[in-house]
Amino acid sequence: MSLKKSKSTLEPALPNKLIPIEEKITVADLKASGLTDEELKKIVQILDREPNRTELGIFGVMWSEHCSYKSSRIHLKQLPTQGPFVLQGPGENAGIIDIGEGWVAVFKIESHNHPSFIEPFQGAATGVGGILRDIFTMGARPVAVLDSLRFGSLSEPQNQGILRGVVSGIAHYGNCFGVANLGGETRFEDCYAANPLVNAFALGVARREAIFYGQASGVGNTVMYVGAKTGRDGIHGATMASEEFCAASESKRPNVQVGDPFLEKLLLEACLEAMASGAILGIQDMGAAGLTSSSSEMGGRAGTGVDLDLDRVPQRETGMSAYELMLSESQERMLLVSAPGREAEISAIFAKWGLDAVAVGKVIAEPMLRVRQHGRLMAELPNDALTNAAPRYDRPAAQPVPDWPRERPTGLRDPEPGEALLRLLASPELASKRWIYEQYDTSVRTNTLLAPGADAGVIRLKDTHGGLAISLEGNGRYCRLDPRQGARLAVAEAARNVAVTGAMPVAATNCLNFANPEKPEVMWQFRETIAGLAESCKALGTPITGGNVSFYNETMGNGIYPTPIVGIVGIIDLGKQSNRSSNTTFIDVLSAALPIQSSFQHPGNEIWLLSGAPAMNADETARRFGSSEYAKTVLGALWGEPPALDLQQEAALHKLLRETAAQGWLASAHDISSGGLAVALAECLLAHPINHPPGPLLGLECELSEKPAAENLFGETASRVIISCRAEHAAKILAASERCGLRAHKLGRVTQEPRFILKFQGRSFMDFPVSDMVSIWSQGLSRWLEPAANPDSLNRGVWA
Amino acid sequence: MKTGIIVFPGSNCDHDAFTAASRLPGQSAVWLWHQSRDLQGVDAVILPGGFSYGDYLRTGALASYSPILESVRGFARGGGPVLGICNGFQILCEAGLLPGALMPNAGGHFICRPVRLRVENATTPFTSACAPGQTLTVPIAHGDGNYYCSPAELASLEGHGQVVFRYVDENENPSPAANPNGSLANIAGICNPGRNVVGLMPHPERAIEAGLGSSDGLAIFQSLARLASFDQPVPVLK
């Protein structure tokens, strides 16, 4: 028997008996594990015996949807994962891309939806904490976070409370840790009321040679535990995230972990210092399924095993069982493997930062996870059984019967266009998100070139000539109507947001938020989404380097819209245009070449529309208008299809933006998305990154070539960008557009007088003072969240 | 000119302060560890922003008892220039090196955005490169920046020119609209009677390049660079 081969490598010697202790499992244990009868049968088959209670719990978390991706794995294989910039695709803690000059960027997005519904503040805070650990466990210092958030309508006080809690949780963790928040996106839809989505993205940078992997290499090496002590919090967190919520979910509050950003900051500094010392061979954070997943995955990656002595694990509570210790999801913990004989050195570095580093086990040759407690063997499981042998389900999929009309319902009345525009600007969906991002530290570490308020966040990399642009996007309404098209559009829009800054989109990460995959229509949505993502990522040159799947976003039978969130990372060259010699500092580079902003910069500049949008007849235009923000906010309806998209044209548009930006021809560039052309034009006057306060208000005067029908003003056809430029650059931009097979069309000009004037055939049909639009737009979100009596909100000027 | 940047557990603006303090020609910076008492012969000390010791008691309270603070007290008594930024300002107040306290923001949450500051006293070692009344655009990033002191202390601060920075609006008035956190008299920064110890909530070290939004914070580090041309570590004050 294979068990006989193993010899204890730990002191004190163990009793002779090497078969894990017997603890008969009960029906209740099986239920708590979240496993099915079938899955238990498979476990018995693999082990050739019945698992004991601890082992069953370990299988329960490792085979949970959250850890095993059992419903999604076979489909995820279709995603493109390779590309010229990709150094590490999915499968590690985070993806890695080469950003040049010996540097790499490490990034990923992850969901923390279920905990954030149960306890918004801690749920969101630990979501940020978890993704940050994924980044620095690979040796990279986190330099940016972004978040994608979804809530129910703000007219419901409960949703306001969830939003407040989530935002302060994100702020609490990220601000204390000391990482710049570059924004993200926030949307509202009734389906998210009891299923809020909190997707946290983080990105770190490292020298290419300094990357660390979660491997338990070198038989006999010491396995050390660092960070917070283990408590009973978060037990079953992974299984909780793998089931639907019901009325009893309130009782799961103790399953939500509690975050300590201060401890995580110490852990970051200690880990980076210990990594630099060369004393660490492999390191892995303890996220979902804590000690269990970190130890089995570290062994699994290296083809070795890990032998753990739970008596040595620092514990916050007394009397914890092996089951509880292995399943705890206490935050801010890491497992690492020391180079031979360098344990004391590691301990000294952690002690300097006020942290314990404790030897808790050894690397063993057998590819096993072995767990001991009180001198008894509590579990002995092959790594392979926990990871690769986990079930893979090809769950049945069936296209749902649409419960929405294909054509625009009759009887819907369009208001006058000016009124519609103001209503859109006042909606929380399109209004300024400043109330949210002002609570985040956006400037720490002095890298932020474009802070929230811009189309994409942009940071510079201090030791290089370059920077990175990052954007998150996803539109559940589009995906509900057509998940494949919605996914294609999410990639295209995120990449376009990156491209308008002058950056080249090079890689993607995704967070796939869905309802219950055991329902065939949800599985169909998932499969369609994957197909759309794959198509779009291939066409736009942005392979997926990792991410996360979140199923069971469903409460009492009500599921969310399929909501894939795509994060795109682009590389921006900040040095090429300057005559940078080797001895100038990074400061000179910045004054030479800055990313393009979305807002108009100078009165007198011409305003142009660059478009790669497919041509459509009137019927198709009307049908696709049903997915727009206008249809939702102004008409209160949903019908038809998402916007059209030609991926080749989209890719050409990105190239055009990059080239015209590099030539210095673009004064501003802004993507047209939710709310269409009219809202995008308004945003060019209203929005600005919070780190670049605007000067005096500007205005615009534009002449439209199409009649001012709602579809033309507010339709959301993809692959369109509004730019502004000097008159002498306009002809060059036009010629470059034609070379790329794109259309460029002059709309008008930026005016000194702060008025918003739209004309058709020489007659103005919209004329507003911009200051009125500013107050409507800047209070559209905050009016729901800021108590009127708050002196701060009353005192604060609109631009403050 | 050598500036010491103190690193407390939880300091997160230490790298930014280091970069800013070592950026100008002839300027250098060294790290000072919170558990050490050795100031390494520095000419000036900066207590950077962050969440020292997690700020789990009151902001800055635990840090004010750290070993390095004993040395900083002696250094300050001898006229050595000491600058506390954000959490560093909170620590200097907790340590009794500056009067008053920083309370939670009036609006109830953390705020990060650029603010406009008016230099009220250009005779401190950290403002000597500024013109009196000059305005600077510098970001704030804090949850507890609401400056408070007793009426007597306020009268004394105002009377002795110890208010160094005030939040002002675009017309350079210290209006309620310009006050981001509820601070008394729009106070953003103060100094001790000797003017060698300065604390402020905004982050000049984050405003050292136009690309980041502003380079106005450089004036603080240019002031520090000027100290090098004095024989004494501190400029002679009236």
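The sequence lines fix the lettering, A, B, ..., with proteins before strands; numbering per chain opens at 1.
Minimum heavy-atom separation, A:Val444 to B:Cys13: CG2-SG, 4.3 Å. Here the shortest heavy-atom pairing between A:Leu266 and B:Pro9 reads CD2-CB, 3.5 Å.
With contacts defined as side-chain heavy-atom distances shorter than 4.5 Å, the pair B:Cys112/A:Tyr437 does not qualify. For the pair A:Arg445 and B:Thr19, the minimum side-chain heavy-atom distance is 4.5 Å or more. With a 4.5 Å cut-off on side-chain heavy atoms, A:Asp441 and B:Phe110 count as touching. In this structure, the side chains of A:Arg434 and B:Arg113 come closer than 4.5 Å at one or more pairs of heavy atoms. A:His172 has its side chain out of reach of B:His109: every pair of non-hydrogen atoms, C-beta onward, lies at least 4.5 Å apart. Within the 4.5 Å cutoff, the side chain of B:Asp55 has no heavy atoms near those of the A:Phe262 side chain.
Remark: A:Ala228 pairs with A:Leu263, A:Glu332, A:Arg333 by the side-chain contact (heavy atoms from CB on, under 4.5 Å) rule, at least two apart or across chains.
For a residue to count as touching a neighbouring chain, one of its non-hydrogen atoms must lie under 4.5 Å from one of that chain's; by this rule A:Pro261 touches chain B with backbone and side chain alike. In this structure, chain B has heavy atoms under 4.5 Å from both the backbone and the side chain of A:Ile690. For B:Glu170, no part sits under 4.5 Å from any heavy atom of chain A, backbone or side chain. Using a 4.5 Å cut-off between heavy atoms, B:Ser11 touches chain A through its backbone atoms (N, CA, C, O) alone. Contacts of B:Pro139 with chain A are made by side-chain atoms alone, with heavy-atom separations under 4.5 Å and no backbone atom involved. Contacts of A:Asn181 with chain B are absent, with no heavy-atom separation under 4.5 Å from either backbone or side chain.
Annotation for A:Arg783: atom CZ counts as buried by contact number, over 12 foreign heavy atoms lying within 6.0 Å. Under a cut-off of 6.0 angstrom, the local environment of NZ in A:Lys229 is sparse, with at most 12 non-hydrogen atoms contributed by other residues, nucleotides or ligands. B:Tyr65 OH: 12 or fewer foreign heavy atoms inside a 6.0 Å radius.
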Begin from the C-alpha positions of A:Arg460 and B:Glu209 and carry the test side-chain contact (heavy atoms from CB on, under 4.5 Å) through to its verdict. CA-CA 12 Å; A:Arg460 56 93 177 274; B:Glu209 296 159 55; 2.7 Å; yes
Check the pair B:Arg206 / A:Ser443 against side-chain hydrogen bond (donor to acceptor under 3.5 Å, both in side chains), numbers first and verdict last. CA-CA 7 Å; B:Arg206 297 189 189 183; A:Ser443 51; 2.8 Å; yes
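Chain A forms the most heavy-atom pairs under 4.5 Å with one residue out of B:Gly54, B:Ser52, B:Ala207, and that residue is B:Gly54.
Interatomic distance, B:Ser214 OG to A:His692 NE2, rounded to the nearest 0.5 Å: 10.0 Å. With values rounded to the nearest 0.5 angstrom, A:Leu450 atom CG is found 11.0 Å from B:Leu212 atom CG.
Between the side chain of B:Asn12 and the main chain of A:Asn175, a donor-acceptor pair closer than 3.5 Å is present.
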